[in-house]
Each structure stands twice: as structure tokens, then as C-alpha cells.
Amino acid sequence: MSALIPISTFFIGCHGLLALGLSYQVVMERTRTRIWHGATTTEVASQPDYLKNPNAWAAFVEKLTQQTVVTKQADDGVLQRKIRAYGNFTEYVPIALLFLVALELMQAATGLIWMLGVMLIVARIAHAWGLIQTYGPSPGRAIGFFGTWLVYIIGSVACLYYSVQQF
């Protein structure tokens, strides 16, 4: 039995792994900085210190963290950038993947679907890399957002084109 949408499914899998990787980056940075909510130490200043009277789970996590992760004493903005890289990914990727699914179901040109899928994965990796590595504008971020916008433009126009063909 052949798959109904093998190209889209491939890119959904690729982006799922990329989302997992970005999520892991956020979790590890939260562990290093001990900022469990929010993105900066000032945002969590009013939160209770979980180590003053830790429950069993907090004590376990703290012990594990001390044994396995090099922690940071200062907020260097990396957590905020990693949170935004993951957040931006989750904001833009779902609709772009819908373009792939819809176009494949509409039996659009295989080359078009592959081009959009590759362009999207390259753009999202470049964007995440540029955002995490540098505060402010960077080549990676520019490649990422322009590439994603290009996927949106081409994907939108192609969906409109193939849908009009069915009327």
C-alpha cells in the first residue's frame, strides 16, 4: 500500500524532530539558568524560590541538575532567544506544512512540494540558529524569515491556483 502524502509526511517528520530539538534547547537552558517560568530573572523575581522549601520532585530535579548540568549564575539572554526560536517555529511552521499537505492532496507538481519542503526546513534551521546565536539582526534570521515568507507566498499562490483548477 502506498502512502497518500509521502512528501508532506516526510517534511512533517523532519519538522517534528526540529521542534523537539528546539524544545530540548529551551528545557536545557531553563535547567542551566534555573528560570522555570518566564524568560528572564526579572520576570520571575516575584515567584517563590522553589529551593527554600522544595517538594520531593523539586529536590530530585535540583540534585539531578547539580550532577549533570553546568548551571549559570547570570541571565545572559540566551533563554529568551531560545524560547523565541521555538515560539517562532511553532507560529510559522504549521500553516507552511498545511501548504505541503494540501498541495500534495491536490496532486500538485512533485518538484514544487519538494522545493517548498526543503526551503522551509532550511529557512527554519537558519532562523533558529541566527536567533539563538545573536541578539538582533543576523544573516540566519534574515535567511529564515525571507525563506519562510517565500514558502508562504509560493504555497499560498499554488494552493489558490490548484483550487481554482477544480472549480
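Worth saying up front: this structure is predicted, and the values here are computed from it rather than measured.
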Side-chain heavy-atom pair [X], [Y] within 4.5 angstrom cut-off:
{"X": "Thr71", "Y": "Thr33", "answer": "no"}
{"X": "Arg30", "Y": "Leu79", "answer": "yes"}
{"X": "Leu100", "Y": "Leu97", "answer": "yes"}
{"X": "Arg81", "Y": "Tyr135", "answer": "yes"}
{"X": "Leu105", "Y": "Leu4", "answer": "yes"}
{"X": "Ile132", "Y": "Leu22", "answer": "yes"}
{"X": "Val101", "Y": "Ile12", "answer": "yes"}
{"X": "Tyr92", "Y": "Phe145", "answer": "no"}

Please find the pair of heavy atoms, one from [X] and one from [Y], that lie closest to each other, and give the distance.
{"X": "Gly155", "Y": "Leu116", "value": "CA-CD1, 4.1 Å"}
{"X": "Cys14", "Y": "Ile121", "value": "CB-CD1, 3.8 Å"}
{"X": "Ile113", "Y": "Ala108", "value": "CD1-O, 3.9 Å"}

Is it true that [X] and [Y] fall in one hydrophobic cluster, defined by side-chain heavy atoms closer than 4.5 Å?
{"X": "Val118", "Y": "Ile125", "value": "yes"}
{"X": "Met115", "Y": "Val122", "value": "yes"}
{"X": "Val157", "Y": "Ile154", "value": "no"}
{"X": "Val93", "Y": "Tyr86", "value": "yes"}
{"X": "Ile7", "Y": "Met119", "value": "yes"}

Excluding Val69, membership of its hydrophobic cluster (Ile, Leu, Val, Met, Phe, Trp, Tyr; side-chain heavy atoms within less than 4.5 Å) reads Tyr24, Met28
If you link I, L, V, M, F, W and Y whenever their side-chain heavy atoms are under 4.5 Å apart, who else ends up in the same group as Val78?
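Members besides Val78: none; it forms no cluster.
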Contacts of type side chain to side chain donor-acceptor pair (under 3.5 Å), residue Glu91, not counting sequence neighbours
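Glu91: side chain to side chain donor-acceptor pair (under 3.5 Å) contacts with Arg84.
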Please list, chain by chain and in numerical order, all residues satisfying side chain to side chain donor-acceptor pair (under 3.5 Å) with Ser8, sequence neighbours excluded.
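Side chain to side chain donor-acceptor pair (under 3.5 Å) check on Ser8 returns Glu104.
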Return each pair, listed once, that meets side-chain hydrogen bond (donor to acceptor under 3.5 Å, both in side chains) where at least one residue sits in residues 154-165; pairs must be two or more places apart or across chains.
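Pairs touching residues 154-165 that pass the test: none.
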Without swapping roles, check the side chain of [X] against the backbone of [Y] for a donor-acceptor pair under 3.5 Å.
{"X": "Arg141", "Y": "Gly130", "result": "no"}
{"X": "His15", "Y": "Phe11", "result": "yes"}
{"X": "Ser138", "Y": "Thr134", "result": "no"}

Tell me the salt bridge (Lys or Arg N to Asp or Glu O under 4.0 Å) pairs involving residues 10-29, sequence neighbours left out?
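Found Glu29-Arg32, Glu29-Lys72, Glu29-Lys82.
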Between atom CD1 of Ile5 and atom CD of Gln107, what is the distance when rounded to the nearest 0.5 Å?
12.5 Å
In terms of the angle between their ring planes, are Trp114 and Phe10 parallel, tilted or perpendicular, with boundaries placed at 30° and 60°?
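Correct class here is tilted.
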Anything under 30° is parallel, anything over 60° is perpendicular, the rest tilted; go ahead and classify Trp149 against Phe146.
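Perpendicular.
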For His127 and Ile143, run side-chain contact (heavy atoms from CB on, under 4.5 Å): C-alpha distance rounded to whole Å, both residues' side-chain angles, the deciding distance at 0.1 Å, then the answer.
CA-CA 7 Å; His127 186 271; Ile143 290 166; over 6 Å; no
